[in-house]
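Presented below is the structure to which this report refers.
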Amino acid sequence: QVQLVESGGGLVQPGGSLRLSCAASGFTFSDYAMRWYRQAPGREREFVALITSSSSRTNYAESVKGRFTISRDNAKSTVYLQMNSLKPVDTTVYYCLSRNGYWGQGTQVTVSS
C-alpha cells in the first residue's frame, strides 16, 4: 500500500537548521510532484514548498522563500526539505503530500531557545 513517512523533525534553536525527509513507497514516486505543508494546532494546513516530478521546477511560500529548499531523489523515492535560518514561527508539524493525493503522518519541528 502507499506510504509516506516523514522524519528529521526535532528541537532546534532559532537560526538553526533541520532537514526533513519523506520516504515514499507503494507507487511510482518519480511520476509525481511532491509538496510540503505545515499545520499548527487550530490553524489551516499551510503550503510550504513543491517540486515537480523531474525536479525541473520548485515553488515556495513567501514565508520560507530563501530559507527552505525542497529537493528529491527519485532513486530513493524520497523528498527533502532543507530548512535553514529557522524561526520560532516555523514551529509546527510538517507533512508531505504526493500529487496523487497521499499524506504522510507528519513530523514535529520545534524552534526554541
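- In this structure, the side chain of T52 engages the main chain of R57 through a donor-acceptor pair within 3.5 Å.
- In this structure a side-chain-to-backbone donor-acceptor pair under 3.5 Å is present from R67 to S85.
- Residues V12 and V64 share a hydrophobic cluster, clusters being chains of Ile/Leu/Val/Met/Phe/Trp/Tyr side chains in contact below 4.5 Å.
- Nearest heavy-atom pair, N84 versus S17, reported as atom, atom and distance to 0.1 Å: OD1-OG, 2.9 Å.
- Shown here for S77 and F29, the closest heavy-atom pair between the two residues is CA-CD2, 3.4 Å.
- With hydrogens and angles ignored, the 3.5 Å screen pairs a side-chain donor or acceptor of E6 with a backbone N or O of G106.
- Side-chain contact check for R38 versus D90: some heavy-atom pair is nearer than 4.5 Å.
- No continuous path of ILVMFWY side-chain contacts below 4.5 Å connects L86 to Y37, so the two sit in separate hydrophobic clusters.
- Clustering ILVMFWY residues whenever any of their side-chain heavy atoms sit less than 4.5 angstrom apart, transitively, puts I70 in the very cluster that holds Y94.
- More than 12 heavy atoms of other residues, nucleotides or ligands lie within 6.0 Å of CZ in R45, so this atom counts as buried by the packing criterion.
- G26 and V2 make their closest contact through O-CG2, 3.7 Å (heavy atoms, listed as atom of the first residue, atom of the second, distance).
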Practice task
Any chance you could lay out the side chain to side chain contact (heavy atoms under 4.5 Å, CB included) test for L20 and Y95, step after step, and finish with the verdict?
Solution key: CA-CA 10 Å; L20 306 184; Y95 300 87; over 6 Å; no

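- Here the shortest heavy-atom pairing between T107 and G9 reads OG1-N, 3.2 Å.
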Exercise for the section: Evaluate the side chain to side chain contact (heavy atoms under 4.5 Å, CB included) criterion for residues W36 and V79: first the C-alpha distance (whole Å), next the side-chain angles of each, then the deciding distance (0.1 Å), finally the verdict. Expected result: CA-CA 9 Å; W36 285 97; V79 61; 3.8 Å; yes

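- R43 has its side chain out of reach of T92: every pair of non-hydrogen atoms, C-beta onward, lies at least 4.5 Å apart.
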Handout entry: Derivation and outcome, side chain to side chain contact (heavy atoms under 4.5 Å, CB included), residues L97 and Y32
Key = CA-CA 10 Å; L97 168 68; Y32 296 96; over 6 Å; no

Practice task
Show your working on side chain to side chain donor-acceptor pair (under 3.5 Å) between D31 and S53 and close with a plain yes or no.
Solution key: CA-CA 6 Å; D31 284 350; S53 58; over 6 Å; no

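- The heavy-atom pair separating P14 from S113 by the smallest distance is CD-N, 3.7 Å.
- Side-chain atoms of T78 never come within 3.5 Å of backbone atoms of A23 as a donor-acceptor pair (strictly under, hydrogens ignored).
- Counting only heavy atoms from C-beta outward, the side chains of N74 and R72 approach each other to under 4.5 Å.
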Practice task
Go through M83 and V109 one step at a time and tell me if the side chain to side chain contact (heavy atoms under 4.5 Å, CB included) criterion holds.
Solution key: CA-CA 10 Å; M83 306 187 296; V109 171; 3.7 Å; yes

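- Under 3.5 Å, the side chains of S112 and T110 contain no donor-acceptor pair of N or O atoms.
- Ring geometry for F27 against Y102 counts as parallel: the plane angle stays under 30°, on a 0 to 90° scale with 60° as the upper cut.
- Q105 has its side chain within reach of V5: a pair of non-hydrogen atoms, C-beta onward, lies under 4.5 Å apart.
- Criterion: ILVMFWY side-chain heavy atoms under 4.5 Å apart, direct or through other members. Under it, I51 and Y80 are not part of a common hydrophobic cluster.
- Annotation: the span from R99 atom CZ to M34 atom CE amounts to 12.0 Å, rounded to 0.5 Å.
- When the side chains of ILVMFWY residues are joined at heavy-atom separations under 4.5 Å, either directly or via intervening members, V48 and Y60 end up in a single hydrophobic cluster.
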